[in-house]
Amino acid sequence: MSSIRILIADDFKDWRRQVRLLLQVRPEWHAVAEAADGSEAIQKAEELKPDLILLDIGLPKLNGLEVARRIRQLSPSSKIIFLSQNNDRDIVQAALSAGALGYVHKTEAQSELLSAVDVVLRGKRFVSSNFKGHGFTDTSVEKAPHRHEVQFYSDDAVFLDTFARFIAVALKSGDAVIAVITESHRDGLFLRLKTQGLDPDAAAQQGRYIQLDVAKTLSTFMVNDMPDSARFFEVVGGLIEAAAKGATGQHSRVVACGECSPLLWAEGKGDAAIQLEQLWDQVGKTFGVDILCGYALSGFRGSEDQQVFQNICAEHSAVYSQ
C-alpha cells in the first residue's frame with residue numbers, strides 16, 4: 001500500500017487538527033506538514049512536493065487561488081483540493097480553473113472529504129454536493145472530448161432533478177438524448193422534463209429523445225450475467241446512429257444517461273457493473289458522447305462496499321454526491 005503525503009493549508013489551527021483526525025482513518029494517508037498562510041503553503045509545497053494539498057481560499061498573506069496557481073508551477077504533480085467555507089459558485093469555478101481537481105465545502109467535510117481525496121488521487125474531479133447541478137468547466141487543462149460523469153443520489157428527487165437538467169440542457173441545445181431509465185423513474189422524469197418547458201413526446205417523435213427501459217436494454221447484450229462487448233457496441237452504436245439523425249443543432253451531438261450499471265450493482269453484479277462502465281466510456285471516447293450515470297447512495301453499505309465505490313468513481317471523469 002503506497003503512502004500518500006498530504007499538506008494541509010488553513011489559517012485555523014483547530015480546523016487543521018480536525019482534518020488530520022478525518023484523514024487518520026486511512027493509514028496510508030499521512031499529513032506531512034501544515035501551513036497557516038499562503039506564503040507558507042507555497043514554500044512547503046515546493047520543498048516537500050506532496051501528493052495532495054488541502055487548501056483553504058481565505059488564507060492570510062496570499063489567497064488560496066493565487067497559491068494554487070503558483071503551486072501548479074512549482075509542484076505540478078501535486079493534486080489540489082480546496083476545502084473552504086466559501087459557497088460562491090464563481091469562486092468554485094475560479095478554484096477549478098486555478099488547477100484544483102476538487103472543491104469540498106467545509107460543512108460537508110465530515111461526509112465528503114474522504115471520498116473527495118479518493119477521487120482526486122485518481123485524477124478525477126470532485127465537487128461538493130452543495131453545488132450539485134452547476135456545470136463547472138476546467139479551463140486549466142485541455143478539455144476532454146467527452147464527459148462520463150456519475151451522480152450518487154440520496155433520494156429519487158435528487159436523481160430526477162439531476163437527470164432532467166442534463167436532458168433539458170441537451171435538448172434545448174439541439175442535441176439528441178438516449179435515456180435508459182428504470183420503470184420506477186420513468187413517470188417522474190417525464191414530469192420533471194415538462195416543468196423544464198419540454199415536450200418529451202414531441203422530442204421522441206422527432207427522434208431527438210430515445211427513452212428505453214433498463215432491464216430490456218440489458219437483455220440485448222448481457223450473456224451469462226456479463227456484458228458482451230460485441231453485442232453492446234452493436235446495440236449502442238445503432239442507438240447513437242439513430243439519435244444523431246434527430247439532432248437539430250448546428251454543432252449537435254448525442255448524449256446518454258441511464259441506470260444500466262447501477263441496476264447491475266443493485267443486483268449484486270459488481271464486476272459486470274464495472275465492465276459495463278468501461279464499455280460506456282469506450283463509447284464516449286469513440287463517438288464523443290457525454291454520459292451521465294446515477295447510483296443510489298443507499299446501495300453502498302459501509303466499508304465492505306468501499307472498494308467498489310472507489311472503482312466506480314475511477315471510471316468517471318467527475319463525481320457528484322447529494
Side-chain angles (χ1 to χ4, degrees), residues 1-72 74-75 77-88 91-92 94-96 98-132 136 152 297 302-303 306 309-310 313 318-322:
M1 186 179 297
S2 59
S3 175
I4 301 298
R5 301 161 61 252
I6 301 174
L7 168 64
I8 304 170
D10 195 286
D11 55 329
F12 288 99
K13 183 178 181 180
D14 288 345
W15 178 254
R16 297 198 304 269
R17 183 167 59 248
Q18 289 183 47
V19 172
R20 277 183 174 270
L21 290 174
L22 286 174
L23 296 174
Q24 283 178 1
V25 302
R26 299 291 294 273
E28 72 273 24
W29 295 350
H30 301 285
V32 295
E34 296 181 7
D37 60 58
S39 298
E40 187 180 13
I42 293 173
Q43 176 188 350
K44 290 190 174 180
E46 183 178 16
E47 175 187 346
L48 299 172
K49 301 290 192 298
D51 301 293
L52 177 70
I53 300 169
L54 300 177
L55 185 62
D56 189 21
I57 287 181
L59 291 171
K61 296 186 179 180
L62 203 62
N63 73 71
L65 297 177
E66 183 58 32
V67 170
R69 295 187 187 99
R70 297 193 187 183
I71 287 175
R72 294 299 298 148
L74 297 171
S75 182
S77 63
S78 298
K79 295 179 172 62
I80 298 171
I81 296 176
F82 275 100
L83 186 55
S84 172
Q85 63 184 5
N86 194 305
N87 60 5
D88 186 297
I91 295 296
V92 180
L96 297 173
L101 279 175
Y103 194 103
V104 175
H105 195 267
K106 284 186 174 180
T107 59
E108 304 298 327
Q110 186 74 33
S111 59
E112 294 187 345
L113 180 59
L114 301 187
S115 295
V117 172
D118 272 325
V119 169
V120 167
L121 287 174
R122 287 171 168 77
K124 311 294 184 180
R125 177 187 290 182
F126 187 102
V127 179
S128 194
S129 59
N130 288 38
F131 310 101
K132 71 181 183 71
F136 296 107
F152 293 98
L297 280 170
S303 58
Q306 184 182 47
F309 176 84
Q310 293 172 6
C313 291
V319 178
Y320 304 98
S321 178
Q322 172 59 35

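Because the structure is a prediction, the values reported are computed rather than measured.
Nearest approach of Ala41 to Val67, heavy atoms of both residues: CB-CG1, 4.0 Å. Minimum interatomic distance between Leu7 and Ala45 (heavy atoms only, all atoms of both residues): CD2-N, 4.0 Å. Scanning all heavy atoms of the two residues, the minimum distance from Ala36 to Arg16 falls at CB-NH1, 3.8 Å. Listed here is the closest heavy atom pair of Arg122 and Gln310: NH2-OE1, 3.5 Å. Smallest separation of non-hydrogen atoms from Val120 and Lys79: O-CD, 2.9 Å. Taking both residues in full, the closest heavy atoms of Gly38 and Leu59 are given as N-CB, 3.8 Å, listed atom of the first, atom of the second, then distance.
No side-chain heavy atom of Ser3 sits less than 4.5 Å from a side-chain heavy atom of Trp29. For the pair Val32 and Leu48, the minimum side-chain heavy-atom distance is below 4.5 Å. Looking at Phe82 and Leu65, their side chains come closer than 4.5 Å, going by heavy atoms from C-beta outward. For the pair Leu113 and Val19, the minimum side-chain heavy-atom distance is below 4.5 Å. Looking at Arg20 and Glu34, their side chains come closer than 4.5 Å, going by heavy atoms from C-beta outward. Residues His105 and Asn87 form a side-chain contact, since some pair of their non-hydrogen atoms from C-beta on lies under 4.5 Å apart. Ile4 is not listed as a side-chain neighbour of His30, based on a closest heavy-atom distance of 4.5 Å or more. Side-chain contact between Leu22 and Gln24: absent, with no pair of heavy atoms (C-beta onward) separated by less than 4.5 Å.
In this structure, Glu46 does not pair ionically with Arg70, as no charged nitrogen and carboxylate oxygen lie closer than 4.0 Å. Between Asp118 and Arg26 there is a salt bridge, since a side-chain N of the basic residue sits under 4.0 Å from a carboxylate O of the acidic one. A salt bridge does not link Lys44 with Glu47: none of the charged nitrogens is closer than 4.0 Å to a carboxylate oxygen.
Proximity of a side-chain donor or acceptor of Ser78 to a complementary backbone N or O of Pro50 within less than 3.5 Å is detected.
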Given the rule in the side-chain contact (heavy atoms from CB on, under 4.5 Å) test, do Val117 and Ile81 qualify, once you have shown the distances and angles that lead to the verdict? CA-CA 8 Å; Val117 172; Ile81 296 176; 4.0 Å; yes

So Val119 and Leu101, side-chain contact (heavy atoms from CB on, under 4.5 Å) or not? Walk me through it. CA-CA 9 Å; Val119 169; Leu101 279 175; over 6 Å; no

Decide salt bridge (charged side-chain N to carboxylate O under 4.0 Å, His left out) for Asp10 and Arg17; before the verdict, give the C-alpha distance in whole Å, the side-chain angles of both, and the deciding distance to 0.1 Å. CA-CA 10 Å; Asp10 195 286; Arg17 183 167 59 248; over 6 Å; no

Apply side-chain contact (heavy atoms from CB on, under 4.5 Å) to Arg125 and Val319, showing your working. CA-CA 6 Å; Arg125 177 187 290 182; Val319 178; over 6 Å; no

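Each of Leu55, Ile91, Ile80, Leu83 was evaluated against Tyr103; a single residue qualifies, Ile91, per the side chain to side chain contact (heavy atoms under 4.5 Å, CB included) test.
Checked against a 6.0 Å centroid threshold, the rings of Phe126 and Tyr320 do not count as neighbours.
Looking at Glu108 and Ser128, their side chains never bring a donor and an acceptor atom within 3.5 Å of each other.
To the nearest 0.5 angstrom, Asp56 atom CG is 12.0 Å from Asp37 atom CG.
Residue Gln85 places its CD atom among 12 or fewer non-hydrogen atoms of other residues, nucleotides or ligands, all under 6.0 Å distant.
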